[in-house]
Asks: 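Encoded as structure tokens, here's the structure I'll be asking about.
Start at 1 and go down the list; that is how both ligands and their atoms are numbered.
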Amino acid sequence: MNDCGGQKNNCDQPDRLCCSGRENPLDYFDNMICNCLEYAETSKKQGKPIIAIMCEYTPREIIIAAGGVPVCLCGGSAQTIPAAEKYLPPNLCPLIKSTYGYHVTGKNPFMEMADLIVAETTCDGKKKMYELLSRDRPMYVIELPQKPLEKDAFDYWLRQLVKFKDYMQERFRVIVTDDKMREAIRIMNRERKLRRELANLMKSSTPPLTGLELLKLKSSISGINRDLKQYVGIADYLRKQNPESKQNRIRVLLTGVPLVYGAERVMEIIESSGGLVVCAENCTGIKPIAEDVDENKDALVAIAEKYMNIPCSVMTPNKRRIEMLNSLIAEYRPECIIDLVWQNCLTYDVESYLIRNEVAQKASLPCLKIATDYSPSDSERIALRVQALMETAKNRRSLCTRQE
Ligand code: SF4
Ligand code: SF4
């Protein structure tokens, strides 16, 4: 799961008090897995159910309102894939196989302590993997409509969320009151707002963070008060810093599949090849935090609206992704686009055509598609292609400077 194997007692980085002025507050999230594990263990002892989730469509607010602790289970390790391939076909996306591999090996402590796994009907690979997972683990799968522009899609989705709320009440013998829902919405909105503020800092012509540093500023568990305090401290700290100029680095907009914990390799390659990821339009970046839940509407309706708007490639058509990318380009001023597709992720792979033709071409930005998995075997090849993209973007930059 992480360097300490997810075992807090083996962690060589004891909890550090951060944002105290004594240390770089960014270090706090270096201990993210250990911190989350401690939080989950304490919560469990207090009788709170641990609810594992696997997708950004999962409405965390309903879980929190039901007294649960939502923890992300998406696997980012290549090491668990061979175990998964004993059950799943090899030509499946690495994220699905890695997650299932944790189930087979029992090496994800969060999965082992989960009282329930909540998932949605997103891509085919995930849906079918859930069928196998549900043979051994308690699961609830929310049915997600996939034609968001259809008139009846929203009503259907809302009914699914009502069903899910009812299920949580019955399963955990709680009453999910309107007040509890509203409090959960406030917590999640605050978390999204604080993370958005950090992401917004990357719009600067001298961003205070690298894309990799920003990627690491998030937790596997949502709604931890201590994390929210850290976000405030980190934002204050960064605003007071005089960021070193990263002018020579090429501003990159990264789109496509999520880079879940442990699967940061492509981001590392981009940033060690002269790039700076100023914006990640994916589920580990802007996509799930771009919109809040409207606090002035009926709670469930507002939750349903927010989540239905997530522009994932499992939707058809997925026009919101193109719209979101076009506005992110205006806000973050990237000099090139990198579209990352996990091998055998058909939905993002097919949408790549639209990214090149309806986003990159329109903005006159060089664009590179990278299709890879979790194995480092193609890292050198990817680095060469990224370096070539950086050269193209640099040449374009000098041309623009000369013309000004
Ligand atoms: S990319 Fe799509 S399927 Fe994957 S986590 Fe995001 S919303 Fe869910
Ligand atoms: S990356 Fe693609 S194939 Fe993999 S889980 Fe996400 S949507 Fe499904």
Asks: Which atoms of ligand 1 sit under 4.0 Å from any heavy atom of Glu56?
Replies: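 Contacts of ligand 1 toward Glu56, numbered from 1: 5 (S), 8 (Fe).
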
Asks: Which residue and atom name correspond to the protein heavy atom nearest atom 2 (Fe) of ligand 1, and how close is it?
Replies: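 So the nearest neighbour among protein heavy atoms is Cys312 SG, 2.3 Å.
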
Asks: If you scan the protein for heavy atoms around atom 4 (Fe) of ligand 2, do you find one that is closer than 4.0 Å?
Replies: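 Neighbour list for atom 4 (Fe) of ligand 2 includes protein heavy atoms (cut-off 4.0 Å).
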
Asks: Are the aromatic rings of Tyr307 and Tyr57 close, with centres under 6.0 Å apart?
Replies: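 Ring centroids of Tyr307 and Tyr57 are no less than 6.0 Å from each other.
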
Asks: Mind checking side chain to side chain contact (heavy atoms under 4.5 Å, CB included) for Lys193 and listing every partner two or more places apart, or none if nothing turns up?
Replies: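 Here the qualifying residues are Arg196, Glu197.
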
Asks: Is the backbone N or O of Ala388 less than 3.5 Å from a side-chain atom of Thr392, with the two atoms forming a donor-acceptor pair by type?
Replies: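 Between the backbone of Ala388 and the side chain of Thr392 there is a qualifying donor-acceptor contact (under 3.5 Å).
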
Asks: Considering the heavy atoms of Cys55, write down every atom of ligand 1 situated less than 4.0 Å from one of them.
Replies: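 Those atoms are 3 (S), 5 (S), 7 (S), 8 (Fe).
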
Asks: If the cut-off is 4.0 Å to any non-hydrogen atom of Tyr57, which atoms of ligand 1 fall inside it?
Replies: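 Heavy-atom distances to Tyr57 below 4.0 Å select 7 (S).
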
Asks: To the nearest 0.5 Å, what is the distance between CG on Leu133 and CE on Met139?
Replies: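 That separation rounds to 5.0 Å.
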
Asks: For atom 6 (Fe) of ligand 1, grab the closest protein heavy atom and report residue, atom and distance to one decimal in Å.
Replies: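 Atom 6 (Fe) of ligand 1 sits closest to the protein heavy atom Cys283 SG, 2.3 Å.
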
Asks: Are Glu112 and Arg137 within salt-bridge range, i.e. N to O under 4.0 Å?
Replies: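 Here Glu112 pairs with Arg137 in a salt bridge, since their nearest N and O are under 4.0 Å apart.
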
Asks: Scan for salt bridge (charged side-chain N to carboxylate O under 4.0 Å, His left out) pairs involving residues 47-66, sequence neighbours excluded, and state none if there are none.
Replies: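 Counting only pairs at least two positions apart or across chains, the salt bridge (charged side-chain N to carboxylate O under 4.0 Å, His left out) contacts touching residues 47-66 are Glu56-Arg60, Glu61-Arg192.
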
Asks: Tell me, which protein N/O/S atoms are under 2.8 Å away from atom 4 (Fe) of ligand 2?
Replies: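 Only Cys93 SG fall inside 2.8 Å of atom 4 (Fe) of ligand 2.
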
Asks: Is the shortest distance from a Lys or Arg side-chain nitrogen in Arg320 or Glu323 to a carboxylate oxygen in the other one below 4.0 Å?
Replies: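 A salt bridge is absent here (no side-chain N lies under 4.0 Å from a carboxylate O).
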
Asks: Pick one: which of Arg321, Glu351, Lys369, Lys287 meets side-chain hydrogen bond (donor to acceptor under 3.5 Å, both in side chains) with Thr255?
Replies: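 Looking at Arg321, Glu351, Lys369, Lys287, the match for Thr255 under the side-chain hydrogen bond (donor to acceptor under 3.5 Å, both in side chains) is Arg321.
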
Asks: List for me each residue that meets ring pair (Phe, Tyr, Trp, His ring centres under 6.0 Å) alongside Phe154, sequence neighbours excluded, and say none if there are none.
Replies: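 For Phe154 there are no ring pair (Phe, Tyr, Trp, His ring centres under 6.0 Å) partners, ignoring immediate neighbours.
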
